[in-house]
**Q** 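Here's a structure for you.
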Amino acid sequence: MLVGETIIKNTIIGQVQETRLIVNKIMNGSGLQGELIWIVPEGNYKVTDVLAKVKTKDGEIFEITMVQKCPVRVPRGYKERLITKEPLLTGQRVIDTMFPIAKGGMRNDSRRIWNWKNNASTSICKME
């Protein structure tokens, strides 16, 4: 992200490499929308250090840290719901029956089948 860019809800502002496998995203998870007016340079920071400042349309300035406080009863935002076609089966009857989980998800406009013989992709949905 660069200073002057507009950020919306759940925008990823930066990332922290915790270990070789774990990358934590620094997000604007509070539903705050506005212009990014300040961001720290790359370096080592504490979790409570201010990493960016956002100016809203009302002129208020909010500080963003690595700590994200999400209320329990408010659902997390998403841009669109992805369609699922099949369940994720674990092989454990109790888990599959009591806690069904959808496997993956596909965007409506990008469902394609790859034809390996012809090296071409064929759309399986009608585009209007």
Side-chain angles (χ1 to χ4, degrees):
M1 298 284 318
L2 299 172
V3 173
E5 287 188 39
T6 302
I7 64 170
I8 57 173
K9 186 176 182 178
N10 295 329
T11 301
I12 297 172
I13 297 171
Q15 60 185 15
V16 177
Q17 188 78 39
E18 290 285 332
T19 64
R20 288 185 308 155
L21 299 175
I22 299 174
V23 177
N24 286 330
K25 308 284 187 198
I26 301 167
M27 296 176 61
N28 174 29
S30 62
L32 185 64
Q33 297 182 2
E35 179 185 355
L36 187 65
I37 59 171
W38 179 78
I39 192 164
V40 295
E42 193 172 316
N44 295 323
Y45 299 96
K46 295 179 187 174
V47 175
T48 56
D49 289 343
V50 176
L51 302 178
K53 293 184 181 180
V54 178
K55 184 176 183 181
T56 63
K57 292 178 184 176
D58 300 336
E60 294 181 73
I61 297 176
F62 288 92
E63 298 176 339
I64 297 176
T65 64
M66 285 188 250
V67 178
Q68 292 184 23
K69 295 180 182 177
C70 299
V72 175
R73 295 190 179 258
V74 177
R76 196 131 185 177
Y78 58 91
K79 291 183 181 177
E80 69 176 295
R81 184 174 175 142
L82 301 177
I83 297 172
T84 58
K85 291 285 186 183
E86 60 187 272
L88 175 67
L89 299 176
T90 63
Q92 299 292 319
R93 285 188 216 159
V94 173
I95 294 174
D96 292 340
T97 304
M98 302 300 290
F99 308 103
I101 302 170
K103 182 176 182 180
M106 302 176 80
R107 290 183 49 129
N108 287 337
D109 59 333
S110 63
R111 291 186 289 171
R112 298 187 180 276
I113 296 175
W114 187 260
N115 185 341
W116 294 102
K117 293 179 182 177
N118 299 335
N119 278 342
S121 66
T122 307
S123 177
I124 63 170
C125 63
K126 292 182 180 180
M127 302 293 286
E128 296 182 21

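Excluded from the calculations below are hydrogen atoms, water molecules and symmetry mates; all remaining heavy atoms, backbone and side chain alike, are included. Note that this is a predicted model, so its numbers are computed, not measured. Count residues from 1 along the sequence.
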**Q** Do you know the tightest heavy-atom contact between L36 and L2?
**A**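 Closest heavy-atom pair between L36 and L2: CD2-O, 3.6 Å.
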**Q** Supply the atom-to-atom distance I61 CD1 to K53 NZ, rounded to the nearest 0.5 angstrom.
**A**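 Here the rounded value is 7.0 Å.
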**Q** Hydrophobic clustering (ILVMFWY, side-chain heavy atoms < 4.5 Å, transitive) - are V16 and I22 grouped together?
**A**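 Different clusters: I22 never reaches V16 through Ile, Leu, Val, Met, Phe, Trp or Tyr contacts under 4.5 Å.
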**Q** In this structure, are over 12 heavy atoms from other groups packed under 6.0 Å from E42 atom CD?
**A**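 No - once you tally the heavy atoms of other residues, nucleotides and ligands closer than 6.0 Å, there are 12 at most.
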**Q** Does D96 reach the main-chain N or O of L89 with its side chain, forming a donor-acceptor pair under 3.5 Å?
**A**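 The answer is no, because no donor-acceptor pair under 3.5 Å joins these two groups.
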**Q** Should V50 and M66 be regarded as members of a common hydrophobic cluster, given that ILVMFWY residues are connected when their side-chain heavy atoms come within less than 4.5 Å of each other, either directly or indirectly?
**A**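 The answer is yes; both residues are in one hydrophobic cluster.
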**Q** What distance do E63 atom CD and D49 atom CG have between them, rounded to the nearest 0.5 Å?
**A**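 Nearest 0.5 Å value for the CD-CG distance: 11.0 Å.
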**Q** Could you tell me the separation between the CD1 atom of I39 and the CG atom of L51, rounded to the nearest 0.5 Å?
**A**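 Spacing of CD1 (I39) from CG (L51) equals 8.0 Å.
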**Q** Measuring from atom CD of Q33 to atom OG1 of T56, what distance do you get when rounded to the nearest 0.5 angstrom?
**A**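 Q33 CD to T56 OG1: 10.0 Å, rounded to 0.5 Å.
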**Q** Measure the shortest side-chain to side-chain distance between W38 and V40 over non-hydrogen atoms and say whether it is less than 4.5 angstrom.
**A**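 Yes; the side chains approach each other to less than 4.5 Å.
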**Q** Looking only at heavy atoms, which two atoms of L32 and V54 are closest? And how far apart?
**A**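 Of all heavy-atom pairs spanning L32 and V54, the closest is CD2-CB, 3.9 Å.
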**Q** Transitively linked via ILVMFWY side-chain contacts under 4.5 Å: I26 with Y45?
**A**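 Same cluster.
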**Q** Once you round to the nearest 0.5 Å, how far does CD of E5 lie from CD of E35?
**A**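 Rounded to the nearest 0.5 Å, the CD-CD separation comes out at 10.0 Å.
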**Q** Give a yes or no on whether V23 and M27 share a hydrophobic cluster (residues Ile, Leu, Val, Met, Phe, Trp, Tyr; joining criterion: side-chain heavy atoms under 4.5 Å apart).
**A**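 No.
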**Q** Among the clusters formed by ILVMFWY side chains lying less than 4.5 Å apart, do I8 and I37 turn up in the same one?
**A**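 Different hydrophobic clusters.
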